[in-house]
Protein chains: 2
Amino acid sequence: MTPENDYILVVDDERAIRDMVCMALSQEQFQCAEASDAHKAETMIKQNPPQLILLDWMMPGVSGIDFARKLRRLPETNSIPIIMLTAKTEEDNVIRGLESGADDYLTKPFSPRELIARIKALLRRSTPNTTQDIIKINNLILDTSSYRVEGNGQTIDLGPTEFKLLRFFMENPDRVFSREQVLNNVWGDNVYVEERTVDVHIRRLRKALEKTQHQDLVQTVRGAGYRLSNK
Amino acid sequence: MTPENDYILVVDDERAIRDMVCMALSQEQFQCAEASDAHKAETMIKQNPPQLILLDWMMPGVSGIDFARKLRRLPETNSIPIIMLTAKTEEDNVIRGLESGADDYLTKPFSPRELIARIKALLRRSTPNTTQDIIKINNLILDTSSYRVEGNGQTIDLGPTEFKLLRFFMENPDRVFSREQVLNNVWGDNVYVEERTVDVHIRRLRKALEKTQHQDLVQTVRGAGYRLSNK
DNA sequence: TTTGTATGTCATAAATATGTCACATAACTC
DNA sequence: GAGTTATGTGACATATTTATGACATACAAA
């Protein structure tokens, strides 16, 4: 499993624990990914850094402690929150865990609810820096948190409707939507406007995109609707 | 006791606990201040915000939970890490504590070493955000401790609300906030004022900023809200 | 109390966005 | 190519959103 964006990485050699945790996470709308050892975890983190790591203390090969230390040393992983999971309850271990760079420490068996609560507490603190919802397609960058669109380095000015329209298409690239579907998704249901109104807004969007050499991005599919090309 | 700068505030009605904790803290070079109830704590926090708060769950008058919630609601105290101390060990309480805004939760009796380790783990993470008394964006310098704003060398005079507003935007540059979000973050929740009031204060802020050649810093994003441009 | 500053709200002006129409173009059918 | 249909495009009246000045009230300092 390789989630697209924000997700929590569970690193533990015990399959049962991983399953239990992932189940609990998914019920709270968290994306979840698993790794059975430190090596696999490292690869996954490199490819797509998670928002938080749940790390088992004991693992074959590299121990959780060493792995945490390593993550803390690298600037690109340094700021990812780590919660350590372990059967070891002795005080010394807790302290060693925390000192190795973990942000929190939970002893097995732990309650899923407490785990979730601790995850949320950690994310609450660390998200503000990370929260950037950016979608990239074909040199086009749309940032939903700053309401900015950039193409080939230049800023593109869009009206509210055009922004929503582009966002919708960028969230579903390469898919054709009928005018009715566009209306329902961008304008919302229960709003009545002429279907041809979509054409006009597509026009306005295209015009704005032309200014930064994005010629054929929004394509017409005759008889079917429109599509944002990803090719 | 009123430490000058960075310090950790211990809020607990039990003197013995306070003494024990402060002893442990001072051995680790942490400054320490004590408060025996929420009311006193509030006054101290207002005068000189601590770097971290150790908060007892049970206190006469306002409970630790309610106090934590309150701190989380106010923007100026929102980022101070809280560790909750308690005799209550039941899972539900842990969760309630964490959900009320605490960052960590320790049950009495706890080992001073574990407490220290958890404090360090929290500070390690939160210091970068909190310690920055001075925020700089685009030739604008805002000093949260002296309530001064300077732009291109000149001092800018702002009213309290405008200052908080600017501070909020400077802490979250390049992000668009709706009027409602601005109200919640700058005025605080549970305060009812018209959304349009934000417009007026934005106007006053802009006017003040104009005097030092900061023309287009606070931008309107039609249909969405306002943004402090970082570009 | 007086004086001065700060704050929230309103009314109105100004700016911008929106939906629709009419007509131009392009695409498809036969 | 003529006829037919779907889409592109500019213009425009209207609606919506934001800017701004004024004002009454609250609050604090003198």
Side-chain angles (χ1 to χ4, degrees), chain A residues 147 149 155-169 176-211 214-229, chain B residues 46 75 147 149 155-169 176-211 214-229:
Chain A
Y147 271 79
V149 182
T155 303
I156 301 172
D157 283 323
L158 296 177
T161 308
E162 280 68 57
F163 184 87
K164 282 186 273 181
L165 192 58
L166 178 59
R167 178 181 178 172
F168 171 62
F169 276 110
V176 178
F177 293 96
S178 70
R179 291 172 176 72
E180 194 191 341
Q181 288 176 304
V182 172
L183 282 179
N184 286 335
N185 283 286
V186 178
W187 274 254
D189 309 330
N190 65 22
V191 180
Y192 180 70
V193 276
E194 290 289 323
E195 290 206 339
R196 294 297 313 276
T197 301
V198 175
D199 298 32
V200 179
H201 282 279
I202 288 283
R203 166 92 202 347
R204 289 170 180 160
L205 177 56
R206 280 174 173 159
K207 208 170 192 175
L209 294 179
E210 269 172 21
K211 290 180 184 162
H214 287 92
Q215 301 300 340
D216 198 34
L217 215 65
V218 182
Q219 301 176 334
T220 304
V221 181
R222 210 184 150 82
Y226 297 97
R227 161 180 64 197
L228 184 101
S229 166
Chain B
K46 263 195 188 146
Y147 283 74
V149 183
T155 304
I156 300 173
D157 282 323
L158 294 177
T161 309
E162 279 68 56
F163 183 86
K164 281 189 272 181
L165 191 59
L166 179 59
R167 175 183 178 172
F168 172 62
F169 276 109
V176 173
F177 294 95
S178 68
R179 292 173 176 72
E180 193 190 341
Q181 288 177 304
V182 172
L183 283 179
N184 286 335
N185 284 286
V186 177
W187 275 254
D189 308 335
N190 66 22
V191 179
Y192 181 69
V193 274
E194 288 290 322
E195 289 205 340
R196 294 263 142 243
T197 302
V198 175
D199 299 33
V200 179
H201 283 278
I202 288 282
R203 164 101 207 325
R204 290 169 181 160
L205 177 56
R206 278 175 173 159
K207 211 169 191 176
L209 293 178
E210 268 173 21
K211 290 179 184 163
H214 288 92
Q215 300 300 339
D216 198 34
L217 214 65
V218 181
Q219 300 178 334
T220 303
V221 180
R222 219 156 207 279
Y226 296 97
R227 161 180 67 196
L228 186 106
S229 170

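Below, all heavy atoms of this structure are taken into account, side chains as well, without hydrogens, waters or symmetry copies. What you see is a predicted model; the values in this text were computed from it and never measured. Order of the sequence lines fixes the chain letters, A, B, ..., with proteins taken first and strands second; residue numbering starts at 1 for each chain.
- The CG atom of B:D199 sits 16 Å away from the P atom of C:dA15 (whole-angstrom rounding).
- What separates CZ of A:R203 from C1' of C:dC23 is a distance of 14 Å, to the nearest Å.
- If you take CD of B:E210 and C1' of D:dT20, they are 12 Å apart, rounded to a whole angstrom.
- Using a 4.5 Å heavy-atom threshold, the side chains of B:L166 and B:L228 count as touching.
- Distance A:E162 CD to C:dT18 C1': 9 Å, rounded to the nearest Å.
- Between the side chain of A:R227 and the main chain of A:V221, no donor-acceptor pair closer than 3.5 Å is present.
- Proximity of A:K207 to the phosphate of D:dG10: a side-chain N or O atom is located under 4.0 Å from OP1 or OP2.
- For the pair A:R206/A:T220, a side-chain contact is recorded, criterion being any heavy-atom separation below 4.5 Å from C-beta on.
- The listed nucleotides are C:dG8, C:dT20, D:dT7; the one nearest the side chain of A:V193 is C:dT20.
- Comparing A:R206 and B:V221, the nucleotide of DNA chain D nearest to each residue sits closer to the 5' end for A:R206.
- Protein atom CG of A:L165 is 15 Å distant from nucleotide atom P of C:dA17, rounded to whole Å.
- When the shell of 6.0 Å around CD of B:E180 is examined, it contains 12 or fewer heavy atoms from other residues, nucleotides or ligands.
- When each of C:dT18, C:dA6, D:dT20 is scored by its nearest atom to the side-chain atoms of B:P160, the top-ranked nucleotide is C:dA6.
- Between A:R179 and D:dT7 there is a side-chain N or O to OP1 or OP2 distance below 4.0 Å.
- Looking at heavy-atom distances under 4.0 Å, A:R196 makes contact with a base.
- When heavy atoms are screened at a 4.0 angstrom cut-off, B:Y226 is found touching the sugar-phosphate backbone but no base atom.
- Here the P atom of nucleotide D:dG8 and the CG atom of A:L205 are 12 Å apart, to the nearest Å.
- Mapping A:E195 and A:R222 onto DNA chain C by nearest heavy atom places A:E195 closer to the 5' end of the strand.
- Contact between the side-chain N/O atoms of A:T161 and the OP1/OP2 oxygens of C:dA17 is not found at any separation under 4.0 Å.
- Across all strands shown, B:R204 has heavy atoms under 4.0 Å from base atoms, whether or not it also approaches the sugar-phosphate.
- Distance A:E194 CD to C:dA22 P: 12 Å, rounded to the nearest Å.
- Helix-axis bend for the helix from C:dT1-D:dA30 to C:dC30-D:dG1: the local axis fitted to the five terminal pairs at one end deviates from that at the other end by 40°, rounded to 10°.
- Applying the 4.0 Å criterion to OP1 and OP2 of C:dG8, one finds that B:H201 has a side-chain N or O inside that range.
- In this structure, A:W187 reaches the C:dG19 phosphate: one of its side-chain N or O atoms is under 4.0 Å from OP1 or OP2.
- Between A:I202 and A:L165, some side-chain heavy-atom pair lies under the 4.5 Å cut-off.
- Between the CG atom of B:L158 and the P atom of C:dT5 there is a distance of 15 Å, given to the nearest Å.
- Checked against the 6.0 Å centroid threshold, A:Y226 and A:F169 do not count as a close aromatic pair.
- Across every non-hydrogen atom of A:R179 and A:D199, the tightest pair is NE-OD1, 2.7 Å.
- Note: B:W187 and B:H201 have perpendicular aromatic rings, judged against thresholds of 30 and 60 degrees for the angle between ring planes.
- Taking 4.0 angstrom as the limit, A:T220 places none of its side-chain polar atoms (N or O) nearer than this to OP1 or OP2 of D:dT7.
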